[in-house]
Amino acid sequence: MSRVYNFSAGPAVLPEEVLKEAAAEMLDYRGTGMSVMEMSHRSKAYQQIIDEAEADLRQLMNIPDNYKVLFLQGGASQQFAAIPMNLMKNKVADYIITGQWAKKAYQEAKLYGTANAIASSADKTFSYIPDCSDLPISENADYVYICENNTIYGTKFHQLPNTKGKDLVADVSSCFLSEPVDVTKYGMIYGGVQKNIGPAGVVICIIREDLITEDVLPGTPTMLRYKTHADAKSLYNTPPAYGIYICGKVFKWLLKQGGLEAMKAYNEKKAKILYDFLDESKLFKGTVEKKDRSLMNVPFVTGSEELDAKFVKEAAAAGFVNLKGHRTVGGMRASIYNAMPIEGVEKLVAFMAAFEEANK
Ligand SMILES: *Cc1c(COP(=O)(O)O)cnc(C)c1O
């Protein structure tokens, strides 16, 4: 067996320990004589899996009792529609456009009401987070929307926008569980799990209870109503059962690492190794404003498309895979999620230094 260092933006690296545990339980999950993939989602064994997953997530994120945790399907992209359908009571919402995912959410919201782009960093290819301390928040906005960590561009809101009392809705797909969060600052936090938590197919929504009502836009499908899933505790229909089981294992792994404070310290240490190198290098350069750098996704370039391609190819041959930047931006991107060990980053930087030396 040989594992590579996988810098994919998503689906992405998972803790080896978790994968081994899942492998060991594959044929016979704890005496049930079957795999979790094969069991009824109404069984006792499965109920325990999903209950523990929720309890562990609540512990990790310190989620208050007046927030519901939903394990849903359809990826983060499905929420781009579900959010306005459920939350746009006045049919008005404000969007901060810091990259493609925020833009997609904004465009989808426009199908359901008035979505206002109240700030954007499109003028500099999304290489920074705009000043959000005094934005023209709409008086009747139902919520203010952000993509908290911009997976493609490598920026992160290190300070949440001043929403002037409106509920904040945040897509945290690529920074989920990477550091502690104050859940009470949000009306809703959600993310696809395939970046930092588990297998694609699960999206986790954490929503303040009073936002979950029957008062949704006309025509909202039953399956897209938060109330449907909140009332049924994520078991209205067959949930993405195996995916939730793996997420649960990752939650336990994170608790064992010391929780989100410890992950933050570890992630900062990892990211610093790479950013420090980029700041010193004469060949490689980071592409975003330093104050807005993401701890999870680190884009960089050499300035030459040819050299970029050569680097990506040689890196892959050396066991550092999926370093090619997003197809829309080019260059390179190293995603260094929770499960990327620090050795992976150290070795990548050593490889980059050797590449720089060889291509002077
Ligand atoms: C990957 C990603 C998405 C899209 O996720 P899907 O599960 O593929 O729909 C949305 N937002 C962010 C921030 C992402 O990184």
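These figures come from a predicted structure and were not determined experimentally. Start at 1 and go down the list; that is how both ligands and their atoms are numbered.
In A200, neither the side chain nor the backbone holds a heavy atom less than 4.0 Å from any atom of ligand 1.
Other cluster members for M223: Y236, joined by side-chain heavy-atom distances under 4.5 Å among Ile, Leu, Val, Met, Phe, Trp and Tyr. Other members of the hydrophobic cluster containing M296, listed by chain and number, are L295, Y337; membership follows side-chain contacts under 4.5 Å among ILVMFWY residues, whether direct or relayed.
The side-chain tip of K110 does not point at the ring of Y112 from less than 6.0 angstrom away and within 45° of straight on.
In this structure, a donor-acceptor pair under 3.5 Å is present between the side chains of K89 and T213. Counting only N and O atoms by type, the side chains of T98 and N150 include a donor and acceptor under 3.5 Å apart.
Per-residue contacts place C147 under 4.0 angstrom from the following atoms of ligand 1 (heavy atoms of the residue considered): 13 (C). Atoms of ligand 1 lying under 4.0 Å from any heavy atom of Q194, numbered from 1 in the order shown and given with element: 5 (O), 6 (P), 7 (O), 8 (O).
When F176, W101, Y190 are ranked by how near their heavy atoms come to atom 4 (C) of ligand 1, first place goes to W101.
Scanning the protein heavy atoms around atom 1 (C) of ligand 1, the nearest turns out to be K195 NZ, 1.5 Å. Looking only at protein heavy atoms, the nearest one to atom 11 (N) of ligand 1 is D171 OD2, 2.6 Å.
Using a non-hydrogen distance threshold of 4.0 Å, A76 registers as a contact of ligand 1.
Looking at T151 next to ligand 1, an N or O pair under 3.5 Å apart turns up. At least one N/O-N/O distance between S77 and ligand 1 falls below 3.5 Å.
Checked against the 6.0 Å centroid criterion, the rings of Y245 and Y46 do not qualify as a close aromatic pair. Centroid-to-centroid, the aromatic rings of Y145 and Y106 stay 6.0 Å apart or farther.
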